[in-house]
Every structure is written in structure tokens, then in C-alpha cells.
Amino acid sequence: MLTDGVIVLRAPEPADIDAMYLWENDPQIWAEGAVRAPMSRQMLHDFVMCYNPDPNSAGQLRLIIEEVETQEAVGCVDLYEYDAANRRAGVGIVIMPNWQRKCLATRALKLLANYCHESLGLHQLWAIAGRTNEASVRLFETCGYRSCGSLRSWIRRGETYSDALMFQHLLV
């Protein structure tokens with residue numbers, strides 16, 4: 001089990017569909033990511049019921065962040081663009097607003113990095129965060145990610161564009 005005693009990273013379950021529905025349909029989260037379209041509960045149900053926990057074949061991995069004491073799903077962490085040949089993957093993370101600022105995202109990223117290195121044999125993780133998203137920038141830096149470049153006009157918000165930062169975390 002992937003746990004540090006405070007949180008658990010686990011596979012999605014049918015009971016998580018309502019929480020996932022909120023995360024996947026939040027336009028504020030869309031602004032930081034690549035997906036900008038609503039998802040139905042049926043789509044999420046199908047995803048959970050057909051969940052493939054092998055990132056080598058699925059190309060991705062979603063893990064639910066569960067707070068141990070309450071057993072509540074407080075967020076999720078995703079590996080995407082999983083590249084087995086180059087042993088790297090992109091990372092995305094969402095924490096529900098009422099659980100933010102409790103170090104749960106930091107715990108999740110540290111557990112994930114250990115799992116990726118020890119169990120999946122990955123060499124590095126990477127992430128992209130909006131330059132003005134101070135919480136995400138601070139989170140990735142706290143978890144050992146290093147800024148390795150700036151992506152100009154990367155994130156579209158309406159008719160304007162903002163820069164993003166590229167982060168890498170070498171798992172050695």
C-alpha cells in the first residue's frame with residue numbers, strides 16, 4: 001500500500017466518481033491543464049470500471065489521494081504521457097479546496113516519486129505550472145522539482161495567454 005500514515009495513494013473506486021466529477025468539471029482546474037471539456041458521470045464510471053493500473057499499457061496512471069483518518073478522497077495525482085522508453089512521466093495533482101494548505105499535496109508527490117522510482121523504475125518526473133500559480137510552483141519546488149525553462153504564452157485564459165514554467169524531478 002502506498003501510504004505515509006497520513007494519506008494513502010490508491011486506485012479509483014466507484015465511490016470516488018462524485019468527487020472526480022467535481023474535479024473534472026471545474027473550469028479553474030481546466031485553466032491549468034490540457035482538458036477543457038466537461039466529463040459525464042457515465043464517462044467517469046466507465047473509466048473507474050475499466051481502470052488499467054499498468055501505466056506501461058495505459059500510458060497513464062490515476063491515483064486517488066485519501067486522507068487516512070477520515071478515509072475521504074481529498075484529491076488525485078496523475079501520471080500522464082508515460083514514456084517507458086525514456087523512463088519519465090508528466091505529473092498533475094488536484095487537492096479539494098477544503099483540504100488545501102495541509103501539506104497533503106506535498107505528501108502525495110513524495111509518495112508518488114518514491115513509487116515511480118522504486119516500483120516503476122522511472123528516471124524522472126516532469127510538470128508544467130502556470131508562472132502565476134504560486135501554490136503549484138511552491139509545491140513542485142518543495143518536492144524536489146527544479147525549474148528547467150519557461151514556456152511563453154503557454155496557457156490561454158480567454159483572449160490572453162500567460163507563461164508557464166517547466167519542472168523536472170530526477171529520481172536518483
Side-chain angles (χ1 to χ4, degrees), residues 1-24 26 28-29 32-35 44 47-84 86-130 133-148 164-172:
M1 182 180 302
L2 299 173
T3 185
D4 67 358
V6 176
I7 63 164
V8 172
L9 299 183
R10 60 167 176 77
E13 298 175 359
D16 301 319
I17 292 171
D18 287 339
M20 290 170 58
Y21 181 80
L22 294 174
W23 306 328
E24 296 293 348
D26 184 341
Q28 290 184 329
I29 294 172
E32 295 296 324
V35 176
L44 294 166
F47 171 78
V48 169
M49 299 312 290
C50 297
Y51 180 72
N52 182 348
D54 180 8
N56 288 298
S57 61
Q60 64 181 4
L61 178 69
R62 169 161 288 186
L63 296 171
I64 300 298
I65 304 165
E66 180 180 289
E67 200 271 339
V68 169
E69 188 175 314
T70 63
Q71 297 183 325
E72 184 177 341
V74 300
C76 69
V77 63
D78 292 327
L79 293 181
Y80 62 97
E81 293 186 30
Y82 187 89
D83 182 344
N86 293 298
R87 297 176 36 204
R88 66 177 173 237
V91 176
I93 187 165
V94 172
I95 300 289
M96 295 180 74
N98 57 320
W99 287 95
Q100 292 174 1
R101 293 179 178 78
K102 299 181 188 308
C103 296
L104 301 180
T106 299
R107 290 175 173 280
L109 286 182
K110 288 181 178 181
L111 276 173
L112 181 70
N114 186 55
Y115 170 71
C116 287
H117 179 64
E118 306 239 340
S119 297
L120 300 179
L122 293 184
H123 172 66
Q124 68 176 286
L125 298 172
W126 58 271
I128 296 174
N133 186 338
E134 294 174 11
S136 287
V137 169
R138 189 171 46 254
L139 170 66
F140 287 115
E141 289 175 343
T142 297
C143 292
Y145 289 71
R146 298 294 169 246
S147 178
C148 60
L165 296 174
M166 178 85 176
F167 292 92
Q168 285 181 291
H169 181 36
L170 299 182
L171 305 173
V172 290

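It should be emphasised that the depicted structure is a prediction, and the values quoted were computed from it without experimental measurement.
Within the structure, salt bridge (Lys or Arg N to Asp or Glu O under 4.0 Å) contacts touching residues 87-99 (residues at least two apart or in different chains) are Asp83-Arg88. For residues 114-129, every residue pair satisfying the side-chain hydrogen bond (donor to acceptor under 3.5 Å, both in side chains) rule, not counting sequence neighbours, is listed here: Gln124-Gln168. Residue pairs that meet the side-chain hydrogen bond (donor to acceptor under 3.5 Å, both in side chains) test with at least one member in residues 8-19, sequence neighbours left out, are Arg10-Asp16, Arg10-Glu66, Asp18-Arg41. Evaluation of the ring-ring contact (aromatic ring centres under 6.0 Å, His included) test over residues 54-74, restricted to residues two or more places apart or in two chains, returns none.
Side-chain contact check for Leu79 versus Leu120: some heavy-atom pair is nearer than 4.5 Å. Side-chain contact check for Ile93 versus Val77: some heavy-atom pair is nearer than 4.5 Å.
When the ring pair (Phe, Tyr, Trp, His ring centres under 6.0 Å) test is applied to Phe140, the partners found at least two apart in sequence or on another chain are Tyr145, Phe167. Partners of Ala113 by side-chain contact (heavy atoms from CB on, under 4.5 Å), not counting sequence neighbours, listed by chain and number: Leu125, His169, Leu171.
Distance CE/Met20 to CD1/Ile64: 5.5 Å, rounded to 0.5 Å. One finds the OG1 atom of Thr3 at 8.0 Å from the CG atom of Leu9 (value rounded to the nearest 0.5 Å). Between Leu111 atom CG and Ile7 atom CD1 the span is 5.0 Å, to the nearest 0.5 Å. With values rounded to the nearest 0.5 angstrom, Leu63 atom CG is found 9.0 Å from Cys76 atom SG. Atoms CG and CG, on Leu112 and Leu61 in that order, are 7.5 Å from each other to the nearest 0.5 Å.
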Using a 3.5 Å cut-off and no angle test, enumerate the donor-acceptor pairs between side-chain atoms of residues 96-110 and protein atoms at least two apart in sequence or in another chain.
from: Trp99; atom 1: NE1; to: Glu72; atom 2: OE2; distance (Å): 3.2
from: Gln100; atom 1: NE2; to: Ile95; atom 2: O; distance (Å): 2.9
from: Arg107; atom 1: NH1; to: Asp4; atom 2: OD2; distance (Å): 2.7

Show me, pair by pair, the donor-acceptor contacts under 3.5 angstrom made by side chains of residues 50-60, not counting sequence neighbours?
from: Tyr51; atom 1: OH; to: Arg62; atom 2: O; distance (Å): 2.6
from: Asn52; atom 1: OD1; to: Asp54; atom 2: N; distance (Å): 2.9
from: Asn52; atom 1: ND2; to: Ser57; atom 2: OG; distance (Å): 2.9
from: Asp54; atom 1: OD1; to: Asn56; atom 2: N; distance (Å): 3.0
from: Asp54; atom 1: OD1; to: Asn56; atom 2: ND2; distance (Å): 3.4
from: Ser57; atom 1: OG; to: Asp54; atom 2: O; distance (Å): 3.3

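Pro12 approaches Phe47 most closely through the heavy-atom pair CG-CE2, 4.2 Å. When all heavy atoms are compared, the tightest approach of Leu165 to Ser147 is CD2-OG, 4.2 Å.
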